[in-house]
Number of protein chains: 2
Amino acid sequence: MVNTTQEKILNAATEIFLLKGPDGARMQEIADAAGINKSLLHYYFRDKETLYLSVFKNVLKDLVPALTSVLGSDKPLTEKISDFLELYIGFIQTNPLLPHFIVTETTRNPERLLMAFSQLPRQSLNDRLKSDILKSIERGEIKPIDPNQLIINIISLSVFPFIARPVMSSFLDIGFAEFDILLEKRKKEVAQFVINSLK
Amino acid sequence: MVNTTQEKILNAATEIFLLKGPDGARMQEIADAAGINKSLLHYYFRDKETLYLSVFKNVLKDLVPALTSVLGSDKPLTEKISDFLELYIGFIQTNPLLPHFIVTETTRNPERLLMAFSQLPRQSLNDRLKSDILKSIERGEIKPIDPNQLIINIISLSVFPFIARPVMSSFLDIGFAEFDILLEKRKKEVAQFVINSLK
DNA sequence: GTCTATAGCGGGATAGAC
DNA sequence: GTCTATCCCGCTATAGAC
């Protein structure tokens, strides 16, 4: 892992773009963060849009393997859910800005990001998960529930608290440090909550 | 309700700001949407920042009464939760961009918005809700759970699917129309899911 | 109160030396 | 490959007539 100029730019750009979005981010700021000159950005990435898309692709590259590793296993559904939450929430903890970035950018400009998104091998995972849920219902292991709704529930419970950290900690009237303790506990807490609801 | 110029500006600005955020929004675009001249914006609101803050305050004014009306009742907790979800999800359906806006802006610039947020009478509601939950646990009506976690869960389940509509509908591989049907069903779905988990 | 015209500058992008 | 210098457009904001 040599720290090439290209990598330094990509890392700096990732940080700034995730924090401020494509409109708020300044090329100068990215150059400063990378410790290089502004015009060198244009040498490696033609323009801001190109750099932005590179950042996005680079960032998703980290996300998908994390998902795959968990959902692909052949454990029973409830264990899979626990494993998923443990790993997924942990992943988000180390990339806390990522969910918000993805949500914001897909909202503002669906085509731009969803194209890149759809290239990823996310489809099979999703199908697999849905059929797991349906089978589990057939066998009477869990209560009947629309698989789509269950998936939405699990992802909502995992992701939203990170996305809404400032609002939620203000709303609950607790400090950020205390809120982060709550978040850490959610790996187990949410698994319990979901499984309780299913059995 | 006379449609004064000031109101026309505020409405137009709300629409644009919610959609594009303070960086992406253009004063020209807001003027066009309001059907007036660009410099008239500066006549009514000194500068972009002032206009932006006015929009935010104006928009929160709608949100808080909606919360208050539900959480203030004295029904039993599970009914309260059902009522909350029915009304809150309905509210979001008519203001689908609002949650995302609040989340984005409090993330990017916590001081700016959380100051305005903290002026609202949100505190008492929150305390009331927490003590309701604790009492309900004491009476053995619901399983023990950290009130903060339960509140986070309920809000996550309500809000996140709207915030992440483009990502989720792409991830689940269903169209927007079909996804909206899922969302509508969530008023009952989520209540069921939460109450199942608690009893 | 509402307009036209324009100032002023921030920031993306390019030219060209080294 | 990396830099300095600069162009130039877009956008906020203001001046000033009506």
Side-chain angles (χ1 to χ4, degrees), chain A residues 1-59 97 101 104-105 107-109 111-113 116, chain B residues 1-59 97 101 104-105 107-109 111-113 116:
Chain A
M1 174 72 83
V2 267
N3 224 6
T4 69
T5 301
Q6 171 134 352
E7 281 166 347
K8 281 195 295 186
I9 292 175
L10 217 47
N11 289 336
T14 302
E15 193 184 339
I16 308 286
F17 273 130
L18 288 203
L19 211 54
K20 313 205 168 176
D23 298 317
R26 298 287 150 236
M27 294 296 269
Q28 183 62 58
E29 205 178 356
I30 294 172
D32 291 347
I36 53 129
N37 192 278
K38 196 172 58 152
S39 65
L40 205 53
L41 293 180
H42 294 283
Y43 178 79
Y44 283 92
F45 303 88
R46 180 166 308 278
D47 53 21
K48 198 185 185 183
E49 176 73 10
T50 306
L51 179 55
Y52 172 79
L53 284 177
S54 306
V55 162
F56 183 69
K57 281 176 198 157
N58 192 44
V59 131
L97 295 174
F101 175 75
T104 303
E105 297 316 315
T107 301
R108 299 250 163 95
N109 203 333
E111 325 79 59
R112 189 157 61 166
L113 294 196
Chain B
M1 176 71 85
V2 268
N3 225 6
T4 69
T5 301
Q6 171 135 351
E7 280 166 347
K8 281 194 296 186
I9 293 176
L10 217 46
N11 289 336
T14 302
E15 192 184 339
I16 308 287
F17 273 130
L18 288 202
L19 210 55
K20 313 206 168 175
D23 299 315
R26 297 288 147 233
M27 295 295 268
Q28 183 62 59
E29 206 177 356
I30 294 172
D32 291 348
I36 53 128
N37 192 277
K38 197 173 52 154
S39 64
L40 205 53
L41 293 180
H42 294 283
Y43 178 78
Y44 282 95
F45 304 88
R46 180 165 307 279
D47 54 21
K48 197 185 186 181
E49 176 73 9
T50 306
L51 179 55
Y52 171 79
L53 284 177
S54 306
V55 162
F56 183 68
K57 283 177 196 158
N58 192 44
V59 129
L97 295 175
F101 175 75
T104 303
E105 298 316 316
T107 302
R108 298 250 164 95
N109 203 332
E111 324 81 58
R112 191 159 60 166
L113 295 196

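Lettering follows sequence order; numbering is per chain, from 1. Note that these values count all heavy atoms, side chains included, but never hydrogens, waters or copies made by symmetry. None of the values given here were measured: they were computed from a predicted structure.
- Note: CD1 (A:Ile9) to C1' (D:dG1) measures 11 Å, nearest angstrom.
- Across D:dT2, D:dC3, C:dT2, the shortest atom-to-atom separation from the side chain of B:Thr5 is found for C:dT2.
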- Query: What string of B, S and - do you get for nucleotides 12-18 of chain C, 5' to 3', if B is base contact, S is sugar-phosphate-only contact and - is no contact with any protein heavy atom under 4.0 Å?
  - Reply: BBB----

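- Listed for the A:Arg46 side chain is no donor-acceptor partner under 3.5 Å among the backbone atoms of A:Tyr43.
- Separating the CG atom of B:Leu51 from the P atom of D:dC11 is a distance of 16 Å, rounded to the nearest angstrom.
- Here the C1' atom of nucleotide C:dG11 and the CD1 atom of A:Ile16 are 15 Å apart, to the nearest Å.
- Summarising the geometry of B:Ala34 relative to B:Lys8, their closest heavy-atom pair is CB-O, 3.8 Å, with the distance given to 0.1 Å.
- Shown here for B:Pro22 and B:Glu105, the closest heavy-atom pair between the two residues is CD-OE2, 3.2 Å.
- Applying the side chain to side chain contact (heavy atoms under 4.5 Å, CB included) rule to A:Asp47 yields the partners A:Glu49, A:Thr50; only residues at least two apart in sequence or on another chain are considered.
- Residues satisfying the side-chain hydrogen bond (donor to acceptor under 3.5 Å, both in side chains) test with B:Gln6, not counting sequence neighbours, are none.
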- Task: Apply ring-ring contact (aromatic ring centres under 6.0 Å, His included) to the pair B:Phe17 and B:Tyr52, showing each step before the final yes or no.
- Result: CA-CA 7 Å; B:Phe17 273 130; B:Tyr52 171 79; 5.3 Å; yes

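- Rounded to a whole Å, the CG atom of A:Leu40 is 5 Å from the P atom of D:dT2.
- The separation between B:Tyr52 atom OH and D:dT12 atom P is 15 Å, rounded to whole Å.
- Computed from coordinates, the B:Gln6 CD to C:dT2 C1' distance equals 15 Å when rounded to whole Å.
- Between the C1' atom of D:dT12 and the CG atom of B:Leu41 lies a distance of 11 Å, rounded to the nearest Å.
- For the pair B:Ile36 CD1 and C:dC3 P, the interatomic distance rounds to 7 Å; values are reported in whole Å.
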